[in-house]
Amino acid sequence: MAGTGGRRGAELDPMDATLDALLPAITTWLPDQRWFAAKDRTIAAVRLVGHQDVTPADAVPAVAHAVIAVSFTDDGPEDRFQLLLGSRPDLPGDLEHAVIGRAGDRVVYDGLADGEISRLLLSLIVSDTTVGSLRFVPEPATEAPIVGPGRPLLSEQSNSSVIYGERAIMKLFRRATPGLNPDLELHRALGRERSGEVAPLLGAIEGELAGDDGPQPMTVAMLQSYAANSADGWSMALTSVRDLLAEGDLRPDEVGGDFAGEAHRLGRTIASVHIELARALGTERLGADGVAAVADWMLERLDRASASAPAVAEQRDAIARVLRGVTAADGLDVQRVHGDLHLGQTLRTPRGWLAIDFEGEPSRPLDDRVRPDSPLRDVAAMLRSFDYAAFHQLAEWETGAEAPAYLQRRAQEWADRNRSAFCDGYAEIAGTDPRDQMAVLRAYELDKAVYEVLYETRNRPNWLAIPLRSMTRLVSAPDGPAGA
């Protein structure tokens with residue numbers, strides 16, 4: 001429930017010198033964190049960009065929010081990350097895994113691991129409190145639960161979350177970027193539409209990021225209802241594929257774990273999200289010049305991938321021909337979309353499917369992530385995710401060996417069935433079938449596959465065969481509906 005608000009923190013002494021002394025320890029600690037997005041780069045230096053005490057420095061525990069800038073030996077762009085730091089004179093044993101280093105007579109650690117700190121953050125949001133440059137903001141007309149300490153969610157990577165008693169979840173955005181985070185922005189927009197396709201937003205933590213033109217607004221964290229008793233779409237799909245591959249002679253629709261019904265329902269959910277976002281934030285019709293700009297963006301991404309991934313470079317011209325297919329559209333309707341949709345960004349609850357994590361691709365600049373795009377980008381991304389689920393188990397086959405052809409055929413059957421079911425469900429709600437614009441859909445899907453080839457080349461070579469297989473199929477497939 002929103003409070004009348006209050007201000008704290010004006011009397012707090014800065015601790016920049018203390019944090020500066022901690023930077024060598026942070027430099028050592030960073031590469032081991034799941035959310036650190038530059039594990040393939042060597043850190044050259046870490047510097048403090050800014051910080052805000054949340055509690056007095058002598059509190060137990062003391063809490064501070066910090067933004068650090070990380071530069072690298074490859075002379076590429078630096079990254080900025082958010083840290084929530086806790087400190088105590090003596091550390092309980094259950095927090096030893098979170099230690100960063102020592103600063104004076106205190107042990108400094110990752111504050112999200114501390115239940116006392118996560119409980120404090122929740123109470124500050126509920127009471128609508130401002131602490132220096134940090135604003136703890138409850139969402140209007142909502143009531144966040146006051147429950148026990150938060151439990152860290154260990155499975156996330158690009159961000160960090162804590163769960164409050166199976167009733168609420170707070171996500172700290174690890175990348176520090178100026179502006180309103182799309183995840184918070186789009187959840188607020190969908191909340192205005194009373195969407196049933198996302199978990200209700202309960203509040204946020206907002207701050208400032210130092211810039212050349214002075215402080216700029218920044219999203220620190222967001223709080224929303226927790227989807228209890230849910231399963232993520234990726235795990236459910238993998239179970240379905242495993243059941244199919246374990247059967248010797250059954251078709252996908254004959255296996256007990258057939259996923260097509262869920263894929264159909266998921267298509268309806270994503271179409272509903274697109275309709276609600278269009279209603280809340282508007283749409284735009286791109287003419288020939290605008291559509292050409294979309295194709296140019298895809299071709300620029302292709303050239304960047306070609307420079308680093310030989311498998312892309314070898315088919316560059318053939319890929320480019322398919323990407324230019326986006327111009328086959330007689331204009332293109334664009335709007336705000338999810339931007340990084342895949343099965344892992346969905347949750348199946350007892351009531352239906354939810355879409356989560358509207359941040360977009362975290363590695364892309366904010367301007368790119370908030371640019372209106374065709375809903376077909378999200379559709380294509382989900383089609384790619386069905387391919388990944390189908391062939392994931394086969395990608396883990398014996399080193400140097402290829403999975404048997406009959407298993408590859410069965411995996412493709414699963415992918416085809418579920419891709420079709422998703423599009424069928426989407427068409428029921430959207431009123432138009434994505435496959436009616438096959439050249440455009442194929443261009444968006446191939447654009448995504450090119451990105452995947454580059455990513456897997458750099459990070460997961462064992463999985464490279466998945467997008468390579470799809471890339472070859474998309475380059476050679478006809479523009480008719482059979483390719484969906």
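- Under the 3.5 Å distance criterion, with hydrogens and angles disregarded, no donor-acceptor pair is assigned to the side chains of Glu185 and Asn181.
- Residues in residues 303-313 take part in these salt bridge (Lys or Arg N to Asp or Glu O under 4.0 Å) pairs, two or more places apart or across chains: Asp303-Arg316.
- Partners of Trp234 by ring-ring contact (aromatic ring centres under 6.0 Å, His included), not counting sequence neighbours, listed by chain and number: His392.
- Heavy atoms from other residues, nucleotides or ligands lying under 6.0 Å from CG of Asp289 number 12 at most.
- Counting only residues at least two apart or in different chains, ring-ring contact (aromatic ring centres under 6.0 Å, His included) contacts with residues 264-316 comprise His274-Tyr426.
- Note that CD of Glu197 and CG of Leu277 are 10.0 Å apart. Values are rounded to the nearest 0.5 Å.
- Rounding to the nearest 0.5 Å gives a distance of 8.0 Å between CG of Leu407 and CZ of Arg410.
- Relative to the six-membered ring of Trp463, Arg460 meets both conditions, a distance below 6.0 Å and an angle of at most 45° to the axis.
- Residues Asp333 and Thr283 have side chains that never bring a donor and an acceptor to within less than 3.5 angstrom of each other.
- Within the structure, every pair that satisfies the ring-ring contact (aromatic ring centres under 6.0 Å, His included) test and touches residues 171-192, not counting sequence neighbours, is listed here: His187-Phe358.
- A salt bridge links Glu361 with Arg301; the closest basic N to acidic carboxylate O contact falls under 4.0 Å.
- Inter-residue side-chain proximity for Asp387 and Glu445 is flagged as met; some heavy-atom pair is nearer than 4.5 Å.
- Applying the side-chain contact (heavy atoms from CB on, under 4.5 Å) rule to Ala168 yields the partners Pro145, Tyr164, Leu202, Leu223; only residues at least two apart in sequence or on another chain are considered.
- In summary, the side chains of Ser195 and Glu276 do present a donor paired with an acceptor at a separation below 3.5 Å, with no hydrogens or angles considered.
- With hydrogens and angles left out, the side-chain atoms of Gln82 and His65 include a donor and acceptor closer than 3.5 Å.
- Between the side chains of Arg348 and Ser230, no donor-acceptor pair of N or O atoms lies under 3.5 Å.
- If you check the side chains of Glu359 and Asn159, you find a donor sitting under 3.5 Å from an acceptor.
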Run the side chain to side chain donor-acceptor pair (under 3.5 Å) check on Thr219 and Glu206 step by step: do they pass?
CA-CA 5 Å; Thr219 305; Glu206 298 176 313; 5.0 Å; no
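- Residues Val220 and Leu134 meet the side-chain proximity criterion, which asks for heavy atoms closer than 4.5 Å.
- A salt bridge does not link Asp424 to Arg268: none of the charged nitrogens lies less than 4.0 Å from a carboxylate oxygen.
- Electrostatic pairing of Asp373 and Arg336 does not count as a salt bridge here, judged by no charged N lying under 4.0 Å from a carboxylate O.
- Pairs of residues two or more places apart, or lying in two chains, that qualify as side chain to side chain donor-acceptor pair (under 3.5 Å) and include a residue from residues 69-78 are Arg41-Asp74, Arg47-Glu78.
- A cation-pi arrangement, defined by a distance under 6.0 Å to the six-membered ring centre and an angle within 45 degrees of its axis, is present between Arg174 and Trp35.
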